[in-house]
Amino acid sequence: MTVRTRFAPSPTGFLHIGGVRTALFNWLLARKHGGQFILRIDDTDVERNRPEALQPILEGFRWLGLSWDEGPEVGGPYAPYFQSQRLELYRRVARQLVQAGHAYPCLATKEELDAERRAAEAARQPYIHRGRLRDLPAHEAMAVLDSRQAAIRLRVPLGQTLALQDCIRGPVSWQTDLIGDPILVRADGRAVYNFATVVDDLEMKITHVVRAEEHLSNTPVQVLIYRALNASLPVFAHVPVVTEPGSRKKLSKRDMKKFVTAEVRARLHALGWTDEEIDSREDLNPAGIAYYRELGYLPAALVNYLGRLGWSLDEKSEIIPLDTMIAHFSLERVNNSPASFDPDKLYWLAGEYMRMLPLDEKVNGVVPYLVRAGLIAEEPDADTLARVRRVVVACGDRLKLFSDILLYGAFFFRDPWYDPQAVAKRLAKDGIPTLLRDFASVLRTVEPFAAQTLEASLQDYCQSRGCKTGDLIHALRVATTGVTVGPGLYDCLEILGRDETLRRIAMALQRPEIR
RNA sequence: GCCCCCAUCGUCUAGCGGCCCAGGACAUGGCCCUCUCAAGGCCAAGACGGGGGUUCGAGUCCCCCUGGGGGCACCA
């Protein structure tokens, strides 16, 4: 039997980290067993659907490399993969259930039901709805269905215990008496999630239903539907929810905006985003995928992080290559308590993955950021690319995200932006400008103008002059880069070259703070 | 209110009765390295929610309590 899993987002908002993690588990399970991973769009709730939400979801999956074997844009043997296009199927199946006596029409209005629910609440009683036509004989029920616009409800069998083995939770059970007769098809003919899901999972031959724990309470209803359809159950696995950093509440796509903190805004501003752009992008925040893509996180790092969130390979592995993850993934090793999303650990992983990335790919990843910042031309020539490469090498492990290139390497591509504090601390001090001016004359003749010889000559110079190397080094750094942090000084000078280095030193010495 | 689930360092986790006075990782603090910032190395601090059982022995099994979470729609 081939394993078939699915992820079924509803396009009512943007995918968050938790949703992606659930999708990843589905994907891993399918890949591990050489099965299929299906993407299905659960969009039966047309009023709440937002067509513009679909593309970002698909793009997110593509970016992460979570390929789907069947679904939007790729089709498949059970197309269409949009529930909104399968309503006829659900209606047909629901009618069959009525005919078989497992379901019945319901004429209650929304107002009546609301009143019932409120009354139950007021009486502090659980609300368990049983329709008035529940016990109508099947042929009469069909007659009602044909003559009136009626919703269809499942007739929940009374007095039973539903027990099943969840792959992650273990044995779980429910009393059917406590389950109200659920709506299968709305009065307007549109199926409801619980029903459409079962019909589709059955038709699409889904073998493993891996979904978030918030769906656990939907499971008894769905089990009842499977039974009514005389179908065998898939394997159920309810993965714990992902909670917000700092709270124990599950991540929700409704208020992702609250993750747009001042710090997040500052980061995005640094990349050239305006507040208007940030505010118009709902998924551009630390709970969404787009944020990490924009900042230049490596997708492999995100996948690794998400895979380790609630799952472990063994007692110590943190960095787990995707093929290892696929080879060893199992639902049995999925943890069963909620996991809190930790941006710090993700950031650390991003750095680890960046370190492992081949140089060429680092250069390729960094170029778009330099282009967008207007530091290099859109189609950089070979010389520029060679220079970018040298800068990337100089940045070394400082580069954790592609966007870090702007943090550590921008000054290689434009004049330094002199940080007043840095100038005050490292340049505008007694004797320093003179020292700098004097050493500049040494720099004029250093041969070759390379890191090693530069270092040697600076050491010699300081020794013969009896000055502290630190003073000169810091002064040089600020004079040539404008800031106090960055790659090794000698690497910086070498990349800048003799002429540019001298020009920058002269420029720095012209500053008003210095005389 | 009712139903269901969960419970190891701040966080992610290992642990499936003795290998655990609980291991790893992120974060934190200190030291080393060092031209800054990273990275790296070393060290430190830090957890089995509580109470009952079962057992020669319990983080591990059972029960209760407490705490947390999820769900109770003609939403998904």
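Every chain is numbered from 1 and lettered A, B, ... according to where its sequence line falls, protein lines coming before strand lines. What you see below is based on every heavy atom in this structure, not just the backbone, and it leaves out hydrogens, waters and symmetry mates.
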Colleague: For A/Glu112, which of A/Arg118, A/Arg117, A/Arg132 qualifies under salt bridge (Lys or Arg N to Asp or Glu O under 4.0 Å)?
Modeller: A/Arg132
Colleague: For the residue pair A/Glu244 / A/Ser247, report whether a side-chain donor-acceptor contact shorter than 3.5 Å exists.
Modeller: yes
Colleague: Output the single nucleotide from B/C12, B/C6, B/G71 whose closest atom is nearest the side chain of A/Pro338.
Modeller: B/C6
Colleague: Looking only at atom C1', what distance separates B/U55 and B/C61, rounded to whole Å?
Modeller: 10 Å
Colleague: Just to be sure I understand the rule, does A/Ala212 reach a base, reach only the sugar-phosphate, or reach nothing, if contact means heavy atoms closer than 4.0 Å?
Modeller: nothing
Colleague: Given B/G71, B/C74, B/C2, identify the nucleotide with an atom nearest to the side chain of A/Pro126.
Modeller: B/C2
Colleague: Quick one about A/Ser312 and A/Arg333 (side-chain donor to acceptor, distance below 3.5 Å, no hydrogens or angles considered), yes or no?
Modeller: yes
Colleague: What's the CD1-C1' distance between A/Ile320 and B/U13, to the nearest Å?
Modeller: 11 Å
Colleague: With rounding to whole Å, what would you report as the distance between B/G59 and B/G49 at their P atoms?
Modeller: 10 Å
Colleague: Pick base, sugar-phosphate or nothing for A/Thr44, based on heavy-atom distances below 4.0 Å to the nucleic acid.
Modeller: sugar-phosphate
Colleague: Does A/Asn335 place a side-chain N or O at less than 4.0 Å from the phosphate oxygens OP1/OP2 of B/A14?
Modeller: yes
Colleague: Given the P atoms of B/U60 and B/U8, what is the spacing between them in whole Å?
Modeller: 12 Å
Colleague: Indicate whether OP1 or OP2 belonging to B/A73 is found under 4.0 Å from a side-chain N or O atom of A/Asn194.
Modeller: no
Colleague: Rounded to whole angstroms, how far apart are CD1 on A/Ile179 and C1' on B/C2?
Modeller: 13 Å
Colleague: Under 3.5 Å, is there a donor-acceptor pair linking the side chains of A/Asp181 and A/His129?
Modeller: no
Colleague: Nearest of B/A73, B/G71, B/G40 to any side-chain atom of A/Arg355?
Modeller: B/G40
Colleague: Return a single string for nucleotides 22-38 of chain B, one symbol per nucleotide in 5' to 3' order, where B is base contact, S is sugar-phosphate-only contact and - is none, cutoff 4.0 angstrom on heavy atoms.
Modeller: -BBBS--------BBBB
Colleague: What is the base-pairing partner of B/C37, counting Watson-Crick and G-U wobble geometry with both distances under 3.5 Å?
Modeller: none
Colleague: Tell me which one of A/Phe61, A/Tyr81, A/Phe25 satisfies ring-ring contact (aromatic ring centres under 6.0 Å, His included) with A/Phe7.
Modeller: A/Phe61
Colleague: Nearest of B/G70, B/A73, B/C6 to any side-chain atom of A/Tyr127?
Modeller: B/A73
Colleague: Across all strands shown, which nucleotide pairs with B/A7 by Watson-Crick or G-U wobble geometry, both distances under 3.5 Å?
Modeller: B/U66
Colleague: Which part of the nucleic acid does A/Thr219 contact within heavy-atom distance under 4.0 Å: base, sugar-phosphate only, or nothing?
Modeller: nothing
Colleague: For a quick test of reading the model: is some side-chain N or O of A/Arg333 closer than 4.0 Å to OP1 or OP2 of B/U13?
Modeller: no
Colleague: Please determine whether a side-chain nitrogen of the Lys or Arg among A/Arg169 and A/Glu213 lies less than 4.0 Å from a carboxylate oxygen of the Asp or Glu.
Modeller: yes
Colleague: Nearest-Å distance, CG (A/Leu164) to P (B/C5)?
Modeller: 11 Å
Colleague: Both distances below 3.5 Å, Watson-Crick or wobble geometry, any strand: find the nucleotide opposite B/G18.
Modeller: B/C56
Colleague: Expressed as a whole number of Å, how far does the C1' atom of B/C9 sit from that of B/A14?
Modeller: 13 Å
Colleague: Between atom CG in A/Asp181 and atom C1' in B/C72, what is the gap in whole Å?
Modeller: 15 Å
Colleague: Roughly how many Å is it from CD in A/Glu47 to C1' in B/C75, rounded to a whole number?
Modeller: 10 Å
Colleague: With a 4.0 Å cut-off on heavy atoms, is A/Val172 in touch with a base, just the backbone sugar-phosphate, or nothing at all?
Modeller: sugar-phosphate
Colleague: Counting just side-chain N and O atoms, does A/Ser337 come under 4.0 Å of either OP1 or OP2 of B/G69?
Modeller: no
Colleague: What about the rings of A/Tyr353 and A/Tyr297, do their centers lie closer together than 6.0 Å?
Modeller: no
Colleague: Among B/C5, B/G40, B/C75, which nucleotide has an atom closest to any side-chain atom of A/Glu352?
Modeller: B/G40
Colleague: Under 4.0 Å between any heavy atoms, over every strand shown, what does A/Ala339 touch: base, sugar-phosphate, or nothing? Just pick one.
Modeller: sugar-phosphate
Colleague: For a ring pair (Phe, Tyr, Trp, His ring centres under 6.0 Å) check, start with the C-alpha distance between A/Tyr193 and A/His215, then their side-chain angles and the critical distance, and finish with the verdict.
Modeller: CA-CA 11 Å; A/Tyr193 164 77; A/His215 288 283; 5.5 Å; yes
Colleague: What is the distance, rounded to the nearest whole Å, between atom CD of A/Gln160 and atom C1' of B/C3?
Modeller: 17 Å
Colleague: Scan side-chain atoms only and decide if A/Thr5 and A/Arg211 contain a donor-acceptor pair under the 3.5 Å cut-off.
Modeller: no
Colleague: Is the shortest side-chain N/O distance from A/Arg248 to OP1 or OP2 of B/U11 below 4.0 Å?
Modeller: yes
Colleague: Does a nitrogen or oxygen in the side chain of A/Arg21 sit under 4.0 Å from OP1 or OP2 of B/C12?
Modeller: no
Colleague: Rounded to whole angstrom units, what separation is found between the CZ atom of A/Phe25 and the P atom of B/C12?
Modeller: 13 Å
Colleague: Are A/Tyr291 and A/Phe259 near enough that their ring centres are under 6.0 Å apart?
Modeller: no
Colleague: Quote, to the nearest angstrom, the P distance that separates B/C26 from B/C21.
Modeller: 25 Å
Colleague: Does OP1 or OP2 of B/A76 have a side-chain N or O of A/Arg211 closer than 4.0 Å?
Modeller: no
Colleague: Regarding A/His215, tell me which of base, sugar-phosphate or nothing describes its non-hydrogen contacts under 4.0 Å with the strands shown.
Modeller: base
Colleague: Check the distance between B/U13's C1' and A/His328's NE2 and give it to me in whole angstrom.
Modeller: 18 Å
Colleague: Rounding to an integer number of angstrom, what distance separates B/C16 and B/G23 when you compare their P atoms?
Modeller: 14 Å
Colleague: Of the candidate nucleotides B/A14, B/A73, B/G69, which contains the atom at the shortest distance from the side chain of A/Lys249?
Modeller: B/G69
Colleague: Report the nucleotide, chosen from B/A76, B/C4, B/C74, that has the shortest atom-to-atom distance to any side-chain atom of A/Ile183.
Modeller: B/C74
Colleague: What integer number of Å spans the P atoms of B/A76 and B/C64?
Modeller: 36 Å
Colleague: When you check the phosphate oxygens OP1 and OP2 of B/C74, does a side-chain N or O of A/Arg153 lie under 4.0 Å from one of them?
Modeller: yes
Colleague: When the C1' atoms of B/G46 and B/G30 are compared, how many Å lie between them, rounded to an integer?
Modeller: 15 Å
Colleague: Name the pairing partner of B/G46, where a pair is Watson-Crick or G-U wobble with both distances under 3.5 Å, or state none.
Modeller: none
Colleague: For the aromatic rings, using the six-membered ring if either is Trp, is the centroid distance between A/Phe329 and A/Trp311 under 6.0 Å?
Modeller: yes
Colleague: Any strand is fair game: report the nucleotide pairing with B/A27 by Watson-Crick or G-U wobble, both distances under 3.5 Å, or none.
Modeller: none
Colleague: Strictly by Watson-Crick or wobble contacts shorter than 3.5 Å, is anything paired with B/G1, and which nucleotide is it?
Modeller: B/C72
Colleague: Side chains of A/Asp342 and A/Tyr305: do they bring a donor and an acceptor to under 3.5 Å?
Modeller: no
Colleague: Identify, between A/Trp174 and A/Ser340, the residue whose nearest nucleotide on RNA chain B lies closer to the 5' end.
Modeller: A/Trp174
